[in-house]
Amino acid sequence: MKSVIRKLIISSLDKAKNCGELELLTIPEIVVEKPKDDKFGDFSTSLPMMIAKSEKMKPHEVAKILSNHLKSEENQIASIDIAGPGFINLKMDPNFFLSRLSRVAEQGNQYGSSNSGKGKKVLLEFVSANPTGPLHVGHGRGAAVGDMLGRLLLLAGYDVSTEYYINDVGNQMNTLGRSTLSRYREILGVKNEFLSDYYQGDYVKEIAKEIHDKHGNEFLDSEDEQALPFFRNYALNSILEGIKTDLVSFGVKCDRWFSEKQLYDEKLVDSAVNWLREKKYVYDSEGAVWLKSTVFKDEKDRVLIKQSGEKTYFCSDIAYHKNKIDRGFEWVVDLWGADHHGYVPRMNAALQAMGYDENLFKVLLVQFVALKREGKKVSMSTRSGEFETLADVIKEVGVDAARYFFLMRSSDSHLDFDLELAKKETPENPVFYIQYAHARICSIFRTAVEQGISILDYTDVDLRPLNNEEEFVLIKKILTFTETVEKSAELLEVHRIAFYLQDLVGSFHSYYSRHRVLSSDQCLSSARLFLMDCLRITIRNGLAVMGVSAPEKM
RNA sequence: GCGCCUGUAGUUCAGCUGGAUAGAAUACCGGACUUCGAAUCCGUAGGUCGCAGGUUCGAAUCCUGCCGGGCGCACCA
């Protein structure tokens, strides 16, 4: 909607320039806003104040010129005012909104989609939790945010793929193997020490038990080095399967599972290092191989290959990101837990060393989740084994509430997840408030059918009976859905949709309590039903992009 | 010590690429069901936007300093 207004303003700027009334050597970005107070109209722009200085005119004079041109522009504008220090306020003709409302029903499940992403190829990497234990709530937030971003970018016209990077090599895999082997030996009653840096969680015992069930005492006399590969791989696969299952049951879709091991097998890590060496950003020192990341604002140079000859995690991660870009992605977005933020500068440095534009790569940091139960924080630590798993949370509060709670806050703010609140089926719980609205609208349609009131198609319905204030509040909010999606996608800010829905649905409940949709007036009933249909579509599509269900009955 | 995030109503949070009187939810209090779902609505009240300077027509928003909270600063991943 705002883009329509923006076009009108640009057109009147052109006219003013052609008439010689304005010089317009430079034109700033044209900002169209919805004024906070409705009495200022439907749209406003502060443009006169922004260009007054360069035009050497007073804001009011600029506003006068522009508003004269706007007047002749369109019959869609009901009135134009110049207000305050130099705002232009526009009030639109009711038909401006009504004609756009028809398109909502026409688009149906596609309403909200646009081409603002212009088919840009985006790769979203998210979760990528080390396969050394089950997903916990922190991963859950990353999963929910990443999955929603995928849906959001798709809706906004980006060509998006999602990926999970599996760290299936390195020390932690060995530790996992040793942990499992040690538990296995415990089952066999073989004396051995379970070291403090082993993975403490009970899931390791369960995996060991599974191995014992299938293989009995087959590894009773095996030396560590003989047995470890088997235990490592078994545990890895078992945990990975668990992660996949958790994600599926959380409604999270992942297009590709990318293995770190595969990067090594295909020699992509070596070639990335060699490539950087050719570019003179790699040097040898103290028996190790280093990247000159300080050239690109990292605080110190980083080791790629250790004295031992092993490659660092950073090293293969460079190869991975190079690979992403080689696959043709134009925007590479990573979601990381906030505890990895110190890693951002070195990754940026690595990509710049490889010669890529710094806008190509973007890290979105997802802040921590503080799980609360009856006001008390629940602690999370993989090592101690006292963590709250994602699966447990889903089991307790359900997928819808869990996803909604993860998605209702800005990713870069710390999240208090109140388990008791998420479980409540009362209006304090925001997700129920929205779902209830949807169910309530569906109920109106059921009643309409019972009463034999006809539900007209968008091509047949006469919307003119829609004329009260609350109806227009609703209509205007429905019509901002698409731009909310676009903005949310562009800024990678998922929480905007939750706030939008909360606001939209609040207006609905308020409307509902003041006006009857169904009455003896057929024309009025049809028009209002149509409005309800558009609203239902918007709520459903909004919840869908969050991955939350829109129940017809509750 | 250095770096990143953060500080807005009792609480949880929006608003942050500068705009008009700083918003919502929740809690508290007071109202509203013969009529489409009261899982709802309406109303009252609640604020030195952490503090202090600066930039300008205009600052919660940008800059600087300070204070408080979270998280990082590995030849771990």
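- Within a 6.0 Å sphere centred on NZ of A/Lys261, heavy atoms belonging to other residues, nucleotides or ligands number 12 at most.
- Taking atom C1' on both B/C2 and B/U48, the two are 32 Å apart, rounded to the nearest angstrom.
- Checking B/C36 for Watson-Crick or G-U wobble geometry (two distances, each under 3.5 Å) identifies no partner in any strand.
- With respect to the salt-bridge test (charged N to carboxylate O, under 4.0 angstrom), the residues A/Lys34 and A/Asp42 do not qualify.
- A/Lys487 comes within 4.0 angstrom of a base, heavy atoms only.
- Checked against B/C41, B/A20, B/G15, the side chain of A/Arg496 finds its nearest nucleotide in B/G15.
- Mapping A/Tyr313 and A/Ser413 onto RNA chain B by nearest heavy atom places A/Ser413 closer to the 5' end of the strand.
- Among the heavy atoms of the strands, none lies under 4.0 Å from A/Asp301.
- With hydrogens and angles ignored, a donor-acceptor pair under 3.5 angstrom links the side chain of A/His341 to the base of B/G3.
- A/Ser44 comes within 4.0 angstrom of a nucleotide base, judged by non-hydrogen atoms across all strands.
- Separating the C1' atom of B/C57 from that of B/G10 is a span of 38 Å, rounded to the nearest Å.
- Straight-line distance between the C1' atoms of B/A60 and B/C49: roughly 5 Å, to the nearest whole Å.
- The aromatic ring of A/His340 sits over the base of B/A77, with ring centres less than 5.5 Å apart and planes tilted by under 30°.
- Close to B/G37, at under 4.0 Å from its OP1 or OP2, lies a side-chain N or O of A/Ser443.
- Both geometric conditions, a ring-centre gap below 5.5 Å and a plane tilt below 30°, are not fulfilled together for A/Phe368 over the base of B/G70.
- Atom NE2 in A/His414 sits about 17 Å away from atom P in B/G68, given to the nearest Å.
- Under a 4.0 Å N-O distance rule, the pair A/Glu490/A/Lys487 does not qualify as a salt bridge.
- With a cut-off of 3.5 Å on both pairing distances, the Watson-Crick or G-U wobble partner of B/G30 is B/C42.
- If you measure from atom CZ of A/Arg178 to atom P of B/C76, you get 16 Å, rounded to the nearest angstrom.
- Contact annotation for A/Met408: no contact, since no heavy-atom pair falls under 4.0 Å across all strands.
- With both ends at atom P, the span from B/U12 to B/G18 equals 29 Å, rounded to whole Å.
- No salt bridge links A/Glu33 with A/Lys2; every basic N to acidic carboxylate O contact stays at or beyond 4.0 Å.
- Of all nucleotides listed (B/G19, B/A77, B/U12), B/G19 comes nearest to the side chain of A/Met49.
- Salt-bridge annotation for A/Lys362 and A/Asp334: absent, with no side-chain N of the basic residue lying under 4.0 Å from a carboxylate O of the acidic one.
- Between the side chain of A/Asn429 and the main chain of A/Leu421, a donor-acceptor pair closer than 3.5 Å is present.
- Centroid-to-centroid, the aromatic rings of A/Phe40 and A/Phe87 stay 6.0 Å apart or farther.
- For A/Glu286 and B/C75, a side-chain-to-base donor-acceptor distance below 3.5 Å is present, hydrogens and geometry of angles not being considered.
- Here B/U11 sits opposite B/A25 as a Watson-Crick or G-U wobble pair (both hydrogen-bonding atom distances under 3.5 Å).
- OP1 and OP2 of B/A39 both lie 4.0 Å or more from every side-chain N or O belonging to A/Lys424.
- A/Tyr511 and A/His515 have tilted rings, their planes meeting at an angle from 30° to 60° on a 0 to 90° scale.
- Set against B/A38, B/A77, B/A20, the side chain of A/Arg346 has B/A77 as its closest nucleotide.
- Under a 4.0 Å N-O distance rule, the pair A/Asp416/A/Lys372 qualifies as a salt bridge.
- In this structure, A/Tyr436 and A/His509 have parallel ring planes: the angle between them is below the 30° cut-off, well short of the 60° mark.
- A/Ser46 places no side-chain N or O within 3.5 Å of a backbone atom of A/Met49 that could act as its donor or acceptor partner.
- Considering only side-chain N and O atoms, A/Lys300 lies nowhere under 4.0 angstrom from the phosphate OP1 or OP2 of B/G3.
- Atom C1' of B/A14 sits at a distance of 25 Å from the matching atom of B/C63, rounded to the whole Å.
- Annotation: B/C51 and B/C41 have their P atoms spaced 34 Å apart (nearest Å).
- Summarising the base pairing, B/A20 is matched to no nucleotide, lacking a Watson-Crick or G-U wobble pair whose two defining distances lie under 3.5 Å.
- Picking from B/A77, B/C36, B/G70 the nucleotide with the shortest atom distance to the side chain of A/Thr447 gives B/C36.
- Taking the P atom of each, B/G19 and B/U40 are spaced 34 Å apart, rounded to whole Å.
- Contacts of A/Phe314 with the nucleic acid, taken as non-hydrogen atoms under 4.0 Å apart, are absent.
- For a distance-only test at 3.5 Å, the side chain of A/Asn89 qualifies as a donor-acceptor partner of the base of B/A20.
- Taking 4.0 angstrom as the limit, A/Arg514 places none of its side-chain polar atoms (N or O) nearer than this to OP1 or OP2 of B/U40.
- Heavy atoms of A/His438 sit nowhere under 4.0 angstrom from any nucleic acid atom.
- A sub-4.0 Å separation between OP1 or OP2 of B/A20 and a side-chain N or O of A/Lys34 is absent.
- A donor N or O paired with an acceptor N or O is not found under 3.5 Å between the base of B/A20 and the side-chain atoms of A/Ser46.
- A/Ala439 comes within 4.0 angstrom of a base, heavy atoms only.
- For A/Leu365, the side-chain atoms get nearest to B/C4 when compared with the rest of B/C4, B/A14, B/A20.
- Summarising the base pairing, B/C66 is matched to B/G50 through a Watson-Crick or G-U wobble pair whose two defining distances lie under 3.5 Å.
- Contact annotation: A/His495 reaches the phosphate of B/G15 (side-chain N/O to OP1 or OP2, under 4.0 Å).
- Comparing B/G46 with B/U6, their C1' atoms sit 24 Å apart, to the nearest whole Å.
- In this structure, the nucleotide among B/G72, B/G37, B/A39 sitting nearest to the side chain of A/Lys553 is B/G37.
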Every protein N/O within reach of nucleotides 22-33 of chain B N/O, cut-off under 3.5 Å:
none

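- Between A/Tyr165 and A/Tyr320, the distance separating the two ring centers is shorter than 6.0 angstrom.
- A/Gln367 comes within 4.0 angstrom of sugar-phosphate atoms only, judged by non-hydrogen atoms across all strands, and of no base.
- No engagement by A/Ser308 is indicated, since no non-hydrogen atom pair under 4.0 Å with the nucleic acid exists.
- Base pairing of B/C71: its partner is B/G3, meeting the Watson-Crick or G-U wobble criterion (both donor-acceptor distances under 3.5 Å).
- When the nucleotides B/A20, B/A39, B/C76 are ranked by their closest atom to the side chain of A/Asn171, B/C76 comes out on top.
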